[in-house]
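Shown next, in structure tokens, is the structure this report addresses.
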Amino acid sequence: MQETSEVIRKCHEKARSMAADGLDLYPNDFKVEHTVSDIWRSLEENKEIEEGSPIFILAGRVISMRRFGKAAFFHILDRTGKIQAYIQQNEVGKESYAIFKKIDRGDYVGLKGTVFQTKTGEWSLLVHEFFLVAKAIRPLPEKFHGLKDPEKRYRQRYLDLIMNQNVREIFLKRSLIVQAFRNFLVDRDFCEVETPMMQPIPGGAEAKPFKTYHNALGMELFLRIAPELYLKRLVIGGVERVFEINRNFRNEGISTQHNPEFTMLEFYQAYATYEDLIKLTEEMFVFVAKEVLGDTTIVYQDNEINLNPPWQRMTLYDALTTLGGMPPEILDDKEKMIAFATEHTIPLQKSHRRGKILAKLFDVLVEPKLIQPTFITGYPTDISPLSRKNSSDPSLTDRFELFIAGREIANGFSELNDPVDQKERFLQQVADRDAGDEEAHYMDAEYIQALEYGMPPAAGEGVGIDRVVMLLTNALSIREVIFFPHLKNK
RNA sequence: GGGCCGUUAACUCAGUCGGUAGAGUAUCUGCCUUUUAAGCAGAGAGUCGCGCGUUCGAGCCGCGCACGGCCCA
């Protein structure tokens, strides 16, 4: 990126002249011994450091600067927070202070000093020794308004992280959330694995995949839309409790709710049913919320969401008729359902089978209303090609989806482990694909073969991690919880 | 894919009726050893997203395009 602006040019010139004076602008011998948080902890433990503070040796980025001729106040920021420092020429010496005079906001500095309280009572570091650690040759955004332009925030996330403390907090929370899910499952003897991102047959979900090509193998591959069929191969292999937290890729639209690559937790437990997973899900979300927020009540936008179990449960049919306002008598009449959908300006294709029509109606009429955690059960078999059929009503499956704050958060079911049934389901999907449904599942003959060796009864679930992070950080857009959301090239 | 809004200095933003581009911060110079959006004095800094059109004259009006935001599909 070529920049001709005067401000940038002057920054470069200044750095060049400092280097010409023999100063190393990028040394790597400053040894950090403390963090900003060490100072706060030390102050708490000693209440007040009256008989002289210990020496602290820390480094960070200069994020503010107030100069007074032969002294200055500035704040530095490290990974644990920020602290004010006070530097005086007669403390650090004339030579060192001359270098300090050339320090700008944005530079990295190393400081050795003691803690003291200023006239206004702010605990600060009195600088005894000062070091330039890394020079910035491009100015930081404005100190008061910071960086606001959403496009710049996403394209130059590092600036967003430097300038906006709430953004740092969101991503720290994201890390804690992932850790909490991981710890919860590991504690229950689940084994964390990694399965292929590049798959010859994209399976495990209804979605359009990204295509790629392997030169040496001379074959087309797809970025995975889900890890499901590989994780279940591991269950067949005897990994009775297994999970993966990783990226899925779906070649679809970008919105406040969708990024082409997103993070999914998927887990499988042998000898469990979807009912067991409903209970486990309640426990898991309570655990994560307590770890991250210390509470089971979430404030999301205008809603207070209560995670205390048990959560509401409702069948898909009941939800459609009670919450969706759909007349119960049209449930079995496809023509009337299509007419009902058209009345509500929900576009449907004639080729859609009954289950898909119900799902579309649900998305529009019911989903936005499910604010408190709700498990929807009783999903039709034709839209659940990997789920076990319900033993008393084979038109339905032993499946649930979890909704919170009007969004789908998780999807789980008792797994279909009958290879003959699975093959028939795949064949129906292939027929749907031939009829024009681009999102229908592919036939995966090798997966059928794996099932033929025998898979224990099991239940599995996927949890949309980005959506959970949005929920726990009160984020409106998925771009606020993904470091580098996809944008078009400029 | 459609609708609405945005794009002006490094950053945050003004810009009237179409008449040679403004502020604050930042930068540079000078003064300043307890400030915290420090202060005072002075200076420099612009491809007004890109292109075409209308006009004597366009940041402003019209058309097209690009990128972004929100909403809808």
Side-chain angles (χ1 to χ4, degrees), chain A residues 1-18 62-77 82-94 96-98 100-107 113-128 130 135-160 162-164 252-259 301 341-342 344-349 360-361 363-364 368 406 475-480 484-490:
Chain A
M1 190 160 45
Q2 275 295 319
E3 206 95 29
T4 49
S5 101
E6 192 220 19
V7 177
I8 311 288
R9 259 195 335 265
K10 282 193 169 166
C11 279
H12 280 74
E13 277 165 26
K14 183 182 195 175
R16 267 197 300 275
S17 92
M18 288 169 80
V62 175
I63 54 165
S64 69
M65 179 70 78
R66 293 170 295 282
R67 296 181 183 279
F68 296 85
K70 296 185 181 64
F73 286 96
F74 56 102
H75 278 88
I76 64 163
L77 177 70
K82 62 181 177 179
I83 188 167
Q84 180 172 259
Y86 182 50
I87 186 167
Q88 296 165 298
Q89 181 175 276
N90 60 8
E91 182 69 43
V92 299
K94 219 168 182 176
S96 182
Y97 198 79
F100 178 79
K101 276 188 160 176
K102 293 176 180 166
I103 292 297
D104 297 300
R105 274 175 79 239
D107 291 352
T114 48
V115 168
F116 78 110
Q117 215 169 4
T118 65
K119 221 158 59 173
T120 57
E122 180 169 353
W123 285 101
S124 306
L125 191 80
L126 179 65
V127 178
H128 297 177
F130 155 81
K135 184 79 187 124
I137 53 174
R138 196 176 274 268
L140 288 179
E142 199 235 11
K143 63 187 171 191
F144 189 62
H145 298 94
L147 183 67
K148 284 188 171 171
D149 179 354
E151 188 174 352
K152 283 205 174 74
R153 289 185 47 231
Y154 300 149
R155 288 192 198 274
Q156 295 177 270
R157 183 69 91 179
Y158 47 92
L159 288 179
D160 195 24
I162 295 165
M163 299 306 299
N164 297 319
E252 288 155 10
I254 296 181
S255 74
T256 51
Q257 308 299 318
H258 298 91
N259 194 56
Q301 303 304 318
T342 312
H344 290 80
T345 64
I346 302 166
L348 293 176
Q349 289 162 26
K360 295 253 177 197
L361 287 168
D363 287 350
V364 176
L476 266 174
S477 167
I478 197 169
R479 296 180 198 102
E480 297 298 333
F484 301 103
H486 285 283
L487 302 176
K488 281 197 187 180
N489 282 334
K490 281 212 119 171

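Naming: A, B, ... by sequence-line order, numbering from 1 per chain.
- Of the candidates C28(B), C70(B), U35(B), the closest approach to any side-chain atom of Ser477(A) belongs to C70(B).
- The base-pairing partner of C67(B), taking Watson-Crick or G-U wobble contacts with both distances under 3.5 Å, is G6(B).
- Nucleic acid contact class of Phe116(A) (heavy atoms, under 4.0 Å, all strands): base.
- Picking from U33(B), G44(B), G69(B) the nucleotide with the shortest atom distance to the side chain of Glu6(A) gives G44(B).
- Contact check, Thr118(A) against U35(B): no side-chain N or O comes under 4.0 Å of OP1 or OP2.
- Here G69(B) presents its P atom at 14 Å from CG of Leu476(A), a figure rounded to the nearest Å.
- The partner of G1(B) is C72(B), judged by Watson-Crick or G-U wobble contacts that both fall below 3.5 Å.
- Distances shown here put a side-chain N or O of Thr256(A) below 4.0 Å from the OP1 or OP2 atom of C71(B).
- Within the nucleic acid shown, Asp149(A) comes within 4.0 Å of sugar-phosphate atoms alone, with no base atom in reach, counting heavy atoms only.
- Looking at heavy-atom distances under 4.0 Å, Tyr154(A) makes contact with sugar-phosphate atoms alone, never a base.
- Residue side chain Gln88(A) reaches the base of U33(B) through a donor-acceptor N/O pair under 3.5 Å, judged by distance alone.
- When atom types are taken as modelled, the side chain of Asn259(A) and the backbone of Arg479(A) share no donor-acceptor pair closer than 3.5 angstrom.
- The distance from atom NZ of Lys148(A) to atom C1' of C5(B) is 17 Å, rounded to the nearest whole Å.
- Within 4.0 Å (heavy atoms only), Arg105(A) reaches no atom of the nucleic acid at all.
- Base-pair partner of G39(B): C31(B) (Watson-Crick or G-U wobble, both distances under 3.5 Å).
- Residues Tyr158(A) and Phe484(A) keep their aromatic ring centres 6.0 Å or farther apart.
- Rounded to an integer number of Å, the gap from Ile63(A) CD1 to A38(B) P is 11 Å.
- Both Arg479(A) and Val364(A) lie close to RNA chain B; mapped to their nearest nucleotides by heavy-atom distance, the more 5′-ward contact belongs to Arg479(A).
- One atom, CZ of Phe74(A), and another, C1' of A38(B), lie 16 Å apart when rounded to the nearest Å.
- Look at G53(B): its Watson-Crick or wobble partner, with both distances under 3.5 angstrom, is C61(B).
- Checking the phosphate oxygens (OP1, OP2) of U35(B), no side-chain nitrogen or oxygen of Arg66(A) falls inside 4.0 Å.
- Remark: Lys143(A) is not in phosphate contact with U25(B), judged by side-chain N or O atoms under 4.0 Å from OP1 or OP2.
- Other residues, nucleotides and ligands contribute at most 12 non-hydrogen atoms within 6.0 Å of the NZ atom of Lys360(A).
- Atom pair Phe100(A):CZ and U33(B):P shows a separation of 14 Å (rounding to whole Å applied).
- Closest to the side chain of Lys488(A), from the set U33(B), C67(B), U12(B), is C67(B).
- Between Lys148(A) and Glu142(A) there is no salt bridge, since none of the side-chain N atoms of the basic residue sits less than 4.0 Å from a carboxylate O of the acidic one.
- When each of Pro141(A) and Ile103(A) is assigned the nucleotide of RNA chain B with its nearest heavy atom, Pro141(A) is the one assigned upstream, toward the 5' end.
- Of the candidate nucleotides U33(B), A37(B), G68(B), A37(B) has the atom nearest to the side chain of Phe144(A).
- Glu122(A) and Tyr86(A) form no side-chain donor-acceptor contact under 3.5 Å, judged by distance and modelled atom types alone.
- In this structure, Gly146(A) reaches the sugar-phosphate backbone alone: every heavy-atom distance under 4.0 Å involves primed, P, OP1 or OP2 atoms, never a base.
- At distances below 3.5 Å, not a single donor-acceptor pair connects side-chain atoms of Asp107(A) with backbone N or O atoms of Lys135(A).
- Between the side chain of Asp104(A) and the base of U27(B), no donor-acceptor pair of N or O atoms lies under 3.5 Å.
- Pair assignment for C11(B): G24(B), on the basis of Watson-Crick or G-U wobble contacts that are both within less than 3.5 Å.
- If you check every strand for non-hydrogen atoms under 4.0 Å, Lys70(A) touches a base.
- U35(B) has Phe73(A) stacked on its base ring, the centres lying under 5.5 angstrom apart and the planes within 30 degrees of parallel.
- What you find for Ala85(A) and Val127(A) is that their closest heavy atoms are CB-CG2, 4.0 Å.
- Contact annotation for Leu140(A): no contact, since no heavy-atom pair falls under 4.0 Å across all strands.
- Salt-bridge check for Lys14(A) with Asp104(A): passed, with a basic side-chain N closer than 4.0 Å to an acidic carboxylate O.
- Atom CD in Glu13(A) sits about 14 Å away from atom P in A45(B), given to the nearest Å.
- Going from atom NZ of Lys152(A) over to atom P of A10(B) covers 9 Å, rounded to whole Å.
- Judged by Watson-Crick or G-U wobble contacts below 3.5 Å, the nucleotide A45(B) has no partner.
- Looking at the side chain of Val7(A), the nearest of the listed nucleotides A26(B), A37(B), U35(B) is A26(B).
- Distances from the side chain of Arg155(A) to the nucleotides U35(B), G68(B), U12(B) place G68(B) closest.
- Put simply, Lys490(A) has no side-chain N or O that comes within less than 4.0 Å of OP1 or OP2 on G68(B).
- In this structure, the CD atom of Gln257(A) is 15 Å from the C1' atom of A73(B), given to the nearest Å.
- Among the protein residues, Gln84(A) comes within range of the nucleic acid bases, having at least one heavy atom under 4.0 Å from a base atom.
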